[in-house]
Structures are given as structure tokens and as C-alpha cells.
K.L.:
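The structure that follows is given in the form of C-alpha cells.
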There are 2 protein chains.
Amino acid sequence: MTLTNSLESRLGYQLRRASAVMMADLGRELAELDLRPAEVTTLLVIADNPDCSQTEVGQALAIKRANMVPIISRLMDRGLVDRRRLDGRSHALTLTDQGRKIADDALARIDRHEARFAELLGRPDSEVLFRCLPVIRAARDVELDA
Amino acid sequence: MTLTNSLESRLGYQLRRASAVMMADLGRELAELDLRPAEVTTLLVIADNPDCSQTEVGQALAIKRANMVPIISRLMDRGLVDRRRLDGRSHALTLTDQGRKIADDALARIDRHEARFAELLGRPDSEVLFRCLPVIRAARDVELDA
DNA sequence: TATTGTTATACTCTATAACTATA
DNA sequence: TATAGTTATAGAGTATAACAATA
């Protein structure tokens, strides 16, 4: 009744399944904040880079310009992000006080979630992962726009 | 102009980005077959387990019963998968000759794609990944149905 | 001309609830 | 009652093309 699956020996498949498990776990951790993963990551990038632009956030997160629009829009509607005109076409993004509070809370939750998995893996293996995953990304990081 | 991103030090984030890169690369490799990743994996599981049921394929791939329907449906429409009534409610899935040909082609492409990344990582690190990723999955593998 | 933000739209995968017809 | 397959529907992420305003 348990099926064999030759995909189990493929790295891409294992990566996808592992990533799905961590995303689901993160989702549970963030559900109370009513924030989607894409919104949280956006919030954290703005926290790290006050006065950055929407396009820059997208570049940091591999999210296309067009797809940043509804994310920023929702964060502003909720009073977590503020923006200030720079020149006629670009904005400088910052967190509001509320946004900073939520970002801090989110980061604490992320780190609880991370700790659960780090403990599972142990120190030396974690280090290999942190060395290998960027190598995979660098192979051809998601190309933004065309 | 390059932003800092504290997420870079988080395993979940690195996994997701690395997985996205491999998925995009796989997508390019499979585009000529006009098969989506979910369809290819389904095809390969049926190849490995002739006469399995739709629900079983879903369990192997962490795809919910309801979401298997359009996948199987499209594979049958294209003449790649065949099914035979078992009892009044379950079917036995098999590949057609055409399906077997496509599955073989897909597997060859997957392995070319895999080889590119394996080469990048090297032998000992690859082994660590193949040991670690299932550990992450096992932490709480995607629970099917409710 | 190139860039920032935007709109509109489509596709892929995933999630839930409820139904049917069996067993 | 539980199971296999199904329908309908919604959400989330991602992709493309095209536009306005500005640099």
C-alpha cells in the first residue's frame, strides 16, 4: 500500500518537499498575525533597509515588480508600512511603529520555528545546508523581469 | 543599492529560494514535453507503481485527493495514462505506451537537470543534503486530508 | 530611452467543504 | 461508517504584457 517513488532520490524533489514542510510550519506560526509569508518577508526587508524602494524589495526577495504592488498595498492599508515620495516615480518605504512591533513579533516567531528545525538537524549538518543552498541559488537565481 | 536581508540566515528562506531555482530549471527542461511538474511526478509514480490508485499517488506526492482529479484527467486526455475499474469506487492506474515513452523522456531530462546541480555541489555535500532533507520532511510531513 | 509603479490577466499549486456511489 | 473519486470554489504565489509618469 505504500508506493515506491523514484523521485525520492532526486535533490529537486527533496528540496521541494522539505521546503513545503517548513513553509507549512511557518504558516502556522504566523497565522495569528494574519500575515502571509510574502508579506512577512517584505516587512523584514523594509525593516532591514529603511527608505528602500518597492522594486528593490522585490529584487531582494525574487518577487517581480508587478507582484509587489498588492503586497505593499495591503501592508499600507494595515498601517504597517509607510511610504514617502522620493522623486516623481519612486517611493521610500519605512515601517510604522505598528509595523516595527509586528515585524519584531514575526521575527521572534520565525526564530522559534527555525530553532525547532535546527535542533532536529544538529550543528554540523546545518552548516552544510547554509553553505550548499546558496550554491544552488547561485546556479541561476530567479531572474527578475525580462 | 543592494539591500541587506536578515532572512538570508534562515534555513526556511534558503530552502525556499534554492527550491525555486531548481523548480525553474526543471520547468525549462520539461517545457518541451508540455508537462507541468505535478504532472511529471504523477506520471513517474504511476510508472513505479502500476495499478496504483489516484489517492495513493496523492499520498506519495503530498497532493490532496481533490487536486489529483484534474492532473489525472489531463494525463488521460493526452493518452498517457489509462485506468481500469477495480471495484465500484477505485481505479487501477497504468501508463500507456505513449505514457511510458514520455515518462522515460522526462526522467532523462530530470536526470540531466539533477546532474547539473550535483556537479555544482560535489559528492560529500550532496550526501549530507540527501540525509538532512528527509529529516526536515519527517518533522511534520504535509498532512493529507483532514 | 530606461525606470518606477501600476493595471489587468492568466496559470499553477494548494486548501476546504460537500456530494456520489460504493464497500 | 469509512473510502475513492468528484465538484466547486477560494486562496496564494507567480508570470506576462502594456501603460502612465518621470528621469
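Chain letters run A, B, ... following the sequence lines, proteins first and then strands; every chain starts at 1.
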K.L.:
Rounded off to whole Å, could you give me the CD1-to-P distance for the A:Ile63 and D:dT16 pair?
P.N.:
15 Å
K.L.:
For the backbone of A:Asn5 and the side chain of A:Glu8, can you confirm whether one donor and one acceptor N or O come within less than 3.5 Å of each other?
P.N.:
no
K.L.:
Pick the nucleotide of DNA chain C nearest each of A:Ala92 and B:Glu39; which residue has the one closer to the 5' end?
P.N.:
A:Ala92
K.L.:
Return the 5'-most residue of the pair B:Ser53, A:Met23 with respect to DNA chain D, ranking by each residue's nearest nucleotide.
P.N.:
B:Ser53
K.L.:
Rounded to the nearest angstrom, tell me the gap between atom NZ in A:Lys64 and atom C1' in C:dT4.
P.N.:
16 Å
K.L.:
Verify, without hydrogens or angle tests, whether A:Glu114 (side chain) and B:Leu11 (backbone) share a donor-acceptor contact under 3.5 angstrom.
P.N.:
yes
K.L.:
Tell me which residues in residues 68-90 of chain B put a heavy atom below 4.0 Å from DNA chain C, sorted by number, or none.
P.N.:
B:Asp87, B:Gly88, B:Arg89
K.L.:
Report yes or no: do A:Asp48 and B:Ser6 form a side-chain donor-acceptor pair below 3.5 Å?
P.N.:
yes
K.L.:
Does the B:Arg109 side chain pair with the main chain of B:Glu29, one donor and one acceptor, at a distance under 3.5 Å?
P.N.:
yes
K.L.:
Using whole Å, what does the distance between atom P of nucleotide C:dC11 and atom CG of A:Asn67 come to?
P.N.:
15 Å
K.L.:
Using whole Å, report how far CZ of B:Arg65 lies from P of D:dA2.
P.N.:
13 Å
K.L.:
C:dT12 P sits how many Å from B:Leu26 CG, rounded?
P.N.:
14 Å
K.L.:
Is it the case that A:His91 and A:Arg85 place a side-chain donor and acceptor less than 3.5 Å from each other?
P.N.:
yes
K.L.:
Give a yes/no answer on whether the side chain of B:Thr55 brings an N or O atom under 4.0 Å of OP1 or OP2 in D:dT3.
P.N.:
no
K.L.:
Can you measure B:Gln59 atom CD to D:dT3 atom C1' for me and round it to whole angstrom units?
P.N.:
11 Å
K.L.:
Can you tell me if A:Arg36 touches the phosphate of D:dG13, counting only side-chain N or O atoms and a distance under 4.0 Å to OP1 or OP2?
P.N.:
yes
K.L.:
May I ask you to decide if A:Thr96's main-chain N or O and A:Asp82's side chain share a donor-acceptor pair within less than 3.5 Å?
P.N.:
no
K.L.:
Side chain of B:Ala66 only, heavy atoms from C-beta on: which candidate in C:dT4, C:dT14, D:dT6 is closest?
P.N.:
D:dT6
K.L.:
Rounded to whole angstroms, how far apart are CG on B:Leu35 and P on C:dT12?
P.N.:
11 Å
K.L.:
Drop me the distance from A:Arg116's CZ to A:Leu121's CG, to the nearest 0.5 angstrom.
P.N.:
13.5 Å
